[in-house]
Structure formats: structure tokens, C-alpha cells
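Here's the structure we're looking at; comments come further down.
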Amino acid sequence: MNAEFIRNRITQLRLQKGISEYQMSYELGHSKSYIYNISSGKSLPPMAEFLKICNYFDITPSQFFDESPEASALLQSATEGLKKLSDDDLLLIINMIRRLAKDN
């Protein structure tokens, strides 16, 4: 892990969200060049700002550094949907997952 990874990851997440550097800077409460300066390597966010960036993307710091393919937006979306279900609905989904996994 290095500074380049952090810059590239912020850019990747920003592009996945369809947000410009300017818009992200503005929504985080900074000057229009704030995210540009991070992406271009001129600066890195301090810890407090890094946590705000994670919150902005609705991810945990652990998810930010997770390079595995399982960290996809699709999986994150499914996880968010599961959090909204009742216990009974979750049990149905779990049983379905187990059945499908057994068939593979």
C-alpha cells in the first residue's frame, strides 16, 4: 500500500459514482481543486479527511483498502439491501444462497 494506491482508489471510487473532482471537492466542503490535488499526487488527505472520504463513498476504511474483486459495487449494493430486510426474509435469502451454493 502506498500513496499512489490511495490516489488511484479515490479516483476509481469517484468515477464509479460518476462524480467530478470539482463536485466531490465541493460536497466535502473544500475548494474546487482539493480532490484534484489528491488525485494528481500533490497532497494526501489527513486521517480525518480520509474518514470523511470513506463516509462520502459509504464504505468503511477496510473496504477502501480491499482490492479483492468481491469489493464490487454490486456486492455492496446487495449488502445494503440485505440490511433492510426482516429476520424472516434474511432466513429465506440465506437458505436460497445455501441451496444455490450446493448446486455449484
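- Distance alone, capped at 3.5 Å, is enough to place a donor-acceptor pair between the N8 side chain and the E4 backbone.
- Between the side chain of K17 and the backbone N or O of Y56, at least one donor-acceptor pair lies under 3.5 Å.
- The CD1 atom of I38 sits 5.0 Å away from the OG atom of S43 when rounded to the nearest 0.5 Å.
- Taking a 4.5 Å side-chain heavy-atom cut-off between Ile, Leu, Val, Met, Phe, Trp and Tyr, the cluster of Y36 contains only that residue.
- With a 4.5 Å cut-off on side-chain heavy atoms, C54 and T60 do not count as touching.
- Listed here is the closest heavy atom pair of S33 and S25: C-OG, 4.3 Å.
- A distance of 11.0 Å separates CG in D89 from CD1 in I94, rounded to the nearest 0.5 Å.
- Atom CZ in R7 sits 12.0 Å away from atom NZ in K42 (nearest 0.5 Å).
- Note: E27 CD to S20 OG = 8.0 Å, rounded to the nearest 0.5 Å.
- Here L90 sits in one hydrophobic cluster together with L82, L85, I93, I97; the rule is ILVMFWY side chains under 4.5 Å apart, joined directly or through other members.
- Two residues are said to be in side-chain contact when any heavy atoms from C-beta on lie closer than 4.5 Å; E49 and L44 fail this criterion.
- Contact check for F65 versus R9: no side-chain heavy atoms found under the 4.5 Å cut-off.
- Within the 4.5 Å cutoff, no side-chain heavy atoms of I35 are placed close to those of H30.
- Remark: L91 CG to S86 OG distance equals 8.5 Å, nearest 0.5 Å.
- N95 CG: more than 12 foreign heavy atoms inside a 6.0 Å radius.
- Transitive grouping of hydrophobic side chains (ILVMFWY, heavy atoms separated by less than 4.5 Å) brings L13 and M47 into a common cluster.
- Proximity of Y34 to Y22: side-chain heavy atoms (C-beta onward) are nowhere separated by under 4.5 Å.
- Linking Ile, Leu, Val, Met, Phe, Trp and Tyr residues whenever their side-chain heavy atoms come within less than 4.5 Å leaves F57 and L15 in two separate clusters.
- Two different hydrophobic clusters hold I19 and Y26 under the rule that ILVMFWY side chains link at heavy-atom gaps under 4.5 Å.
- Under a 3.5 Å cut-off, the side chain of N2 and the backbone N or O of F5 do form a donor-acceptor pair.
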